[in-house]
Every structure is written in structure tokens, then in C-alpha cells.
Amino acid sequence: MTIYLKAFRSSQENREGKKLFYPKVVLKSTITLEIIAKKISSESERPFDETLDTCKRLLETTCKYLCESHPVKYADFGLFTPIVFSSGKGVEKKEDVSATQVHTTCFKFRSVLLGEVSTNNTMYNIPIQLAVIKDKETEDTSTVYLQSKE
């Protein structure tokens, strides 16, 4: 497994007035629910329609709980948490906070399975290769082990 990275320049200057470069993930094609269901179905010998229906019900139920302000944890996979943003719309008094300040709602994901990058072997022992792409070539490759948060 390899996560490909490329350099990108920050749009904001740092304290010294410089726009620095940071690594950014190079995204591949989007994996749909149907692709995941086909993969699970082929590995579990379950009918595709049954697997897809189960996946859809899982997503619908997850969304329902998230929209009711519940964080949702999937065993050793990770935790989804509802969050809101109200950039630049703060108020001075606690009692003046209102829902009209919110301009964006979304869900953040914190991986339990992948956790923090570590060079130690873990119970999952999942080697992930990080590769920086420079001038159409892959350079600066390193392997890390992603550690479970217990």
C-alpha cells in the first residue's frame, strides 16, 4: 500500500512572510459504495445485492446518528464526529451563540486502525509506503507502520 504525496505551496504566509511548501496527498479515483460492496461480496461469497443493501443501511444509520450529534465508532476502523464551522462569526457573550453562526457542517474522521504513524511493528503490522512525486518520478520513499490506538 502506497500513499502518494506531492508538494503544494501554502496560500498563507508564515510569521516570516514566506509561503512554505507542504506535502499533500495525490488522490486517485473515487471508490464508490458499489465497488466496496463488490469487493466484500467476492471475498465473503455473499450475493452482491445483499452486501450492497447492508452497506447502504449501515451508511443511512450512521448518518442518522451523526445528524443527532452522536459520534459513531466502528470497532477498529475509526471514529466519525459531527463538527461545525463558523469562521469569522464569533460573538462576545456565551448566551449570544446561535445556530445562525454556523456556515458549514461536516464530519471529521479519526482513524483507530491507522492511528499515528510509527516505526514500530504493531498488532496490525500494516506497512504503508509514503512516496513523494517530483517531476513525474517517485522520490523520497519511506515505509512506516501505522499503529492502532488502544
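Owing to the predicted nature of the structure, the values given are computational and were not obtained by experimental measurement.
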Checklist entry - At what distance, to the nearest 0.5 angstrom, does NZ of K18 lie from CD of E13? => result 11.0 Å
Item to check | Donor-acceptor contact present, side-chain S42 to main-chain K39, <3.5 Å | outcome: yes
Item to check | Pairing residues for R57 by the side-chain hydrogen bond (donor to acceptor under 3.5 Å, both in side chains) criterion, not counting sequence neighbours | outcome: D53
Checklist entry - What are the two closest non-hydrogen atoms of S41 and P47, and how far apart are they? => result OG-C, 3.5 Å
Checklist entry - Is a donor on one side and an acceptor on the other found under 3.5 Å between the side chain of R46 and the backbone of I40? => result no
Checklist entry - What closest approach, in Å, do K56 and E34 show between heavy atoms, and which atom pair accounts for it? => result CE-OE2, 4.5 Å
Checklist entry - Atom OG1 in T51, atom CD in E45: separation rounded to 0.5 Å? => result 11.5 Å
Item to check | Co-membership, hydrophobic cluster, residues L66 and L58, 4.5 Å side-chain | outcome: yes
Item to check | Reported OG1-to-NZ distance for the pair T32 and K38, which is rounded to 0.5 angstrom | outcome: 7.5 Å
Checklist entry - Transitively linked via ILVMFWY side-chain contacts under 4.5 Å: L79 with F107? => result no
Checklist entry - Can you say whether the rings of F109 and F80 are parallel (under 30°), tilted (30 to 60°) or perpendicular (over 60°)? => result tilted
Checklist entry - Partners of E16 by side-chain hydrogen bond (donor to acceptor under 3.5 Å, both in side chains), sequence neighbours excluded? => result N14
Checklist entry - Mind checking what makes ring-ring contact (aromatic ring centres under 6.0 Å, His included) contact with F48, not counting sequence neighbours? => result none
